[in-house]
Every structure is written in structure tokens, then in C-alpha cells.
Protein chains: 2
Amino acid sequence: MVVGLPKSDRKTFPGPGFDEEEVDLIFHALADRTRRDIMGKVSQGEQSISDLARQYEVSFAAIQKHVSVLERASLVTKRVDGRQKLVQNNPETLRRATNLLAEYERIWTHRINAIGQILDQEKTEERKIR
Amino acid sequence: MVVGLPKSDRKTFPGPGFDEEEVDLIFHALADRTRRDIMGKVSQGEQSISDLARQYEVSFAAIQKHVSVLERASLVTKRVDGRQKLVQNNPETLRRATNLLAEYERIWTHRINAIGQILDQEKTEERKIR
DNA sequence: CAAACCTACAACCATTTAGTTGTAACTTAG
DNA sequence: CTAAGTTACAACTAAATGGTTGTAGGTTTG
């Protein structure tokens with residue numbers, strides 16, 4: 001019994017070389033509408049935090065926190081420009097995240113098919129799917 | 001100005017036809033190591049909740065809750081088999097989620113490239129944006 | 001310089017989350 | 001039938017989350 005899942009284990013597996021911590025951060029960052037919306041807005045061009053905050057009902061500080069969550073996940077970066085900080089998204093992380101999920105899909109579903117065949121012994125025809 | 005983000009807005013955009021609520025659930029479900037680990041285990045074949053719970057340090061109820069989170073996100077389904085419920089993953093949702101993220105990537109990064117060129121050009125007239 | 005603007009961050013609040021233990025109900029094995 | 005195994009769910013706790021307001025510091029602008 002007992003697997004353990006150490007608090008932070010480098011490695012894990014998929015191609016892009018994420019560790020579990022990063023994956024947690026990325027998926028968590030994406031699991032919020034407002035943050036996804038921010039990703040969409042900054043994808044159309046850098047925006048200052050104030051610019052962003054003006055477009056939502058919530059407070060400046062709330063948007064600042066959302067940006068911070070995206071930044072910790074490396075989904076956006078901030079660049080200082082005079083008195084403001086311009087937020088831009090980071091296509092690299094997004095690309096890696098997409099590859100990661102695709103890899104998860106591949107791994108998690110390939111095996112189900114392999115096992116599925118074993119389980120479906122009685123349905124011999126079904127085995128030919130794909 | 002104010003955009004608003006209604007509590008639940010059907011539609012939104014990407015191909016697989018998710019609504020924002022579903023996307024929240026899916027990314028949230030994936031933003032946890034233990035749950036991702038469970039996805040990996042059940043991908044190798046159906047497992048009862050007890051089977052799963054035996055492989056972790058936490059309580060049965062904790063694993064039961066994790067499975068419940070995965071189930072609400074439609075990432076797994078449960079099938080009753082006598083006194084136990086067998087958990088299996090749902091490749092369909094996983095596939096849709098992968099497509100979704102790929103679509104996000106496409107949309108969020110395509111524009112940054114297009115805009116990037118524009119911004120490079122008007123580096124000098126940043127003043128007027130303010 | 002002074003006022004306005006932008007950002008960071010602390011402190012606080014309400015809700016959700018992840019975990020616990022305990023209890024009840026159902027199913028299978030002896 | 002009884003006992004053991006499996007699941008569901010309630011009640012509780014601690015920590016994290018998403019939101020607020022307020023304060024302070026740096027940067028423009030007038």
C-alpha cells in the first residue's frame with residue numbers, strides 16, 4: 001500500500017519536462033473564467049494591469065491577483081514600462097501545456113484501449129476497432 | 001466599460017462545445033496530483049474506489065471525494081458491479097479537453113504573433129495608447 | 001513641486017477545498 | 001443469518017481561494 005506522492009517530485013514523465021508542481025499551477029491557473037478571459041485579452045496585445053482591471057467588475061487588486069496566478073504558472077510575463085507593467089502572454093508555456101495534456105490523453109487513453117481489448121474477450125469483433 | 005462574465009454562459013467558443021462551467025470543472029479536476037495519478041491508474045483498467053484508496057496514504061473518503069471531482073468533470077465514470085463501483089476513465093472528455101486546450105493555444109498565440117509585429121512597429125507611439 | 005496614476009502588498013472576510021472521523025445501508029462470503 | 005467488505009454521506013477542521021479596502025512607493029504630468 002501507499003504510494004506517497006512527495007510534495008514536489010521533479011521528473012514525473014511527459015515530454016515537455018514539467019514537474020508536478022508546475023502542472024498543478026498551470027491547470028489551476030486555467031481553471032478560472034476570469035483568468036482565461038485575461039489570457040484572451042492579453043493575446044491581442046500587451047495590456048497594463050489597470051487596462052485589464054478597467055474591463056472587469058471586480059477591483060484592481062482582484063485582477064492583480066489573477067495576473068499573479070497566471071504569472072506564477074508562467075502563462076504570462078510582466079514587463080515594466082514606466083509607471084505601468086505590461087502583461088503579455090507566454091506562448092511557450094501554453095504550447096508546453098498543450099503538449100502535456102495531449103501526452104496525458106495519449107497515455108491515459110492508449111492503455112484503456114489495450115485493457116479494453118483484454119476485458120472485451122467476449123466481444124471478439126469489437127477488438128478490431130481502430 | 002465592464003464585461004461581466006455571467007455566472008454561466010453557454011457557448012463561449014471553442015470547437016468541442018464546452019461551456020465555461022465545464023472548462024472550470026475539467027481544469028480544476030486536473031490541477032491536483034492525486035487526481036491525475038488516479039486518472040493514470042484507472043487508465044490501466046477499471047478499479048473500485050477501495051482498490052484506489054488502498055494505493056494512497058489518505059483515507060477512503062478522501063479518495064472517494066477525488067473520484068467525485070473527476071466524475072463531476074466527466075473525466076471518469078462509475079459503473080456498479082455488485083457491492084463495488086468500478087471507476088473507469090472517460091476518453092471522450094479527455095479528448096475534448098485536449099482539443100479545447102489546443103484551440104486555446106491556437107487562439108491565444110496566433111494573435112500575439114500578429115500583434116507582436118504591430119507592436120514592434122509602433123514601439124514609438126506607445127504614448128497615445130495610455 | 002504637487003497631483004494624479006499605477007502597482008505592490010498587507011489585513012481582513014466569506015467561501016471552497018481537501019482532509020478527517022463516524023454512521024448507515026447495501027452486497028457478498030461463510 | 002452473520003460478518004466482513006464497499007460505498008455514501010454528514011459533520012467537522014485547517015488551509016487555500018477569491019474577493020474586499022487601505023496604505024505606501026515609484027513615475028508621469030501639469
Side-chain angles (χ1 to χ4, degrees), chain A residues 1-8 20-21 24-39 42 46-73 76-88, chain B residues 2-8 20-21 24-38 42 46-73 76-88 125-130:
Chain A
M1 77 159 99
V2 172
V3 155
L5 297 184
K7 222 42 184 169
S8 177
E20 296 287 325
E21 184 71 28
D24 287 355
L25 290 175
I26 291 172
F27 283 135
H28 171 252
L30 292 175
D32 181 283
R33 280 160 235 223
T34 302
R35 287 193 289 265
R36 289 193 301 272
D37 202 68
I38 289 174
M39 288 295 290
V42 300
E46 293 178 311
Q47 294 199 40
S48 72
I49 304 179
S50 291
D51 287 341
L52 289 170
R54 260 179 241 112
Q55 305 174 62
Y56 297 92
E57 289 168 328
V58 297
S59 68
F60 170 83
I63 295 301
Q64 204 177 24
K65 283 190 185 180
H66 280 306
V67 170
S68 170
V69 170
L70 290 170
E71 190 182 22
R72 271 192 306 138
V76 303
T77 56
K78 284 189 283 192
R79 153 175 104 74
V80 50
D81 174 43
R83 69 182 156 186
Q84 55 191 7
K85 289 210 177 157
L86 299 181
V87 181
Q88 54 189 359
Chain B
V2 174
V3 155
L5 296 184
K7 222 44 181 168
S8 175
E20 295 288 324
E21 183 72 27
D24 286 354
L25 290 176
I26 291 172
F27 283 135
H28 172 252
L30 293 176
D32 181 283
R33 278 160 236 222
T34 302
R35 286 194 289 264
R36 289 193 300 273
D37 202 68
I38 289 173
V42 300
E46 293 177 312
Q47 294 199 40
S48 73
I49 304 178
S50 291
D51 288 340
L52 288 169
R54 260 178 241 114
Q55 305 174 63
Y56 298 92
E57 289 168 326
V58 298
S59 67
F60 170 84
I63 296 301
Q64 203 177 24
K65 284 189 185 178
H66 279 307
V67 170
S68 170
V69 169
L70 290 169
E71 190 183 22
R72 270 192 306 139
V76 302
T77 56
K78 284 189 283 191
R79 154 174 104 75
V80 49
D81 173 43
R83 67 181 158 188
Q84 54 191 7
K85 289 211 179 158
L86 298 181
V87 180
Q88 54 190 358
E125 51 178 328
E126 299 237 340
R127 304 272 166 258
K128 90 169 191 177
I129 299 175
R130 199 167 9 177

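Values reported hereafter were calculated over all heavy atoms of this structure, with side chains retained and with hydrogens, waters and symmetry mates removed. Proteins get letters first, then strands, A, B, ... in listed order; numbering begins at 1 in each. Note that the structure is a prediction, hence the values are computed from the model and not measured.
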*From CG (B/D37) to CD1 (B/I63), nearest 0.5 Å*: 9.0 Å
*Starting from P on C/dC6, measure out to CD on A/Q47 and report it in whole angstrom.*
13 Å
*In whole angstrom, give the distance that lies between atom CG of A/D51 and atom P of C/dT7.*
8 Å
_D/dA8 phosphate, OP1 or OP2, under 4.0 Å from B/K78 side-chain N/O_ = yes
*Compare side-chain N and O positions of B/T34 against OP1 and OP2 of C/dA18 and report whether any pair is under 4.0 Å apart.*
no
_Could you work out how much the helix from C/dC1-D/dG30 to C/dG30-D/dC1 bends, comparing the axis of its first five pairs with that of its last five, to 10°?_
20°
*Could you state the interatomic distance from CD (A/Q64) to CD (A/E71), rounded to the nearest 0.5 Å?*
10.5 Å
_Rounded to whole Å, please give me the gap between CZ in B/R36 and P in C/dA18._
12 Å
Show the distances under 3.5 angstrom between N or O atoms of the protein and N or O atoms of nucleotides 9-17 of chain D.
none

_Polar side-chain atom of A/R36 near backbone of A/L30 as donor-acceptor pair, under 3.5 Å_ = yes
*asked:* Please enumerate all residues that pass salt bridge (Lys or Arg N to Asp or Glu O under 4.0 Å) together with B/D32, with sequence neighbours excluded.
replied: none
_Rounded at 0.5 Å granularity, tell me how far NE2 in B/H28 sits from CG in B/L70._
10.0 Å
*Grab the CG-P distance between B/L70 and C/dA18 for me, whole Å please.*
10 Å
*Starting at atom CZ of B/R79, determine the distance to atom P of D/dT6, rounded to an integer number of angstrom.*
16 Å
*Where the side chain of B/R72 meets the backbone of B/A29, is there a donor-acceptor pair that is under 3.5 Å apart?*
no
_Nearest 0.5 angstrom please: B/R33 CZ to B/I38 CD1, how far?_
14.0 Å
*Starting at atom NE2 of A/H66, determine the distance to atom C1' of C/dA8, rounded to an integer number of angstrom.*
17 Å
*With B/K85, which residues qualify under salt bridge (Lys or Arg N to Asp or Glu O under 4.0 Å), at least two apart?*
none
*Test A/K78 against A/I49 for side-chain contact (heavy atoms from CB on, under 4.5 Å), laying out the working first.*
CA-CA 9 Å; A/K78 284 189 283 192; A/I49 304 179; 4.2 Å; yes
*Between C1' of C/dG19 and OH of B/Y56, the distance in whole Å*: 16 Å
*asked:* By the 4.0 Å heavy-atom rule, please label A/S59 as base, sugar-phosphate, or nothing.
replied: base
*Can you tell me how far the CD atom of A/E46 sits from the CD atom of A/Q88, to the nearest 0.5 Å?*
4.5 Å
Between the protein and nucleotides 27-30 of chain C, list every N/O to N/O distance that falls short of 3.5 Å.
residue : atom : partner : partner atom : Å
C/dT27  : O3'  : B/R83   : N            : 3.4

*Going from OG on B/S48 to CZ on B/R54, what distance comes out if it is rounded to the nearest 0.5 angstrom?*
6.0 Å
*Check whether any side-chain N or O of B/S50 sits under 4.0 Å from OP1 or OP2 of D/dG5, and answer yes or no.*
no
*Listed partners of A/Q47 passing side-chain hydrogen bond (donor to acceptor under 3.5 Å, both in side chains), at least two apart*: A/Q55
*Rounded to the Å, how far apart are A/I38 CD1 and D/dG18 P?*
11 Å
*For the side chain of A/K85, counting heavy atoms from C-beta on, which of C/dA8, D/dT20, D/dT6 is nearest?*
C/dA8
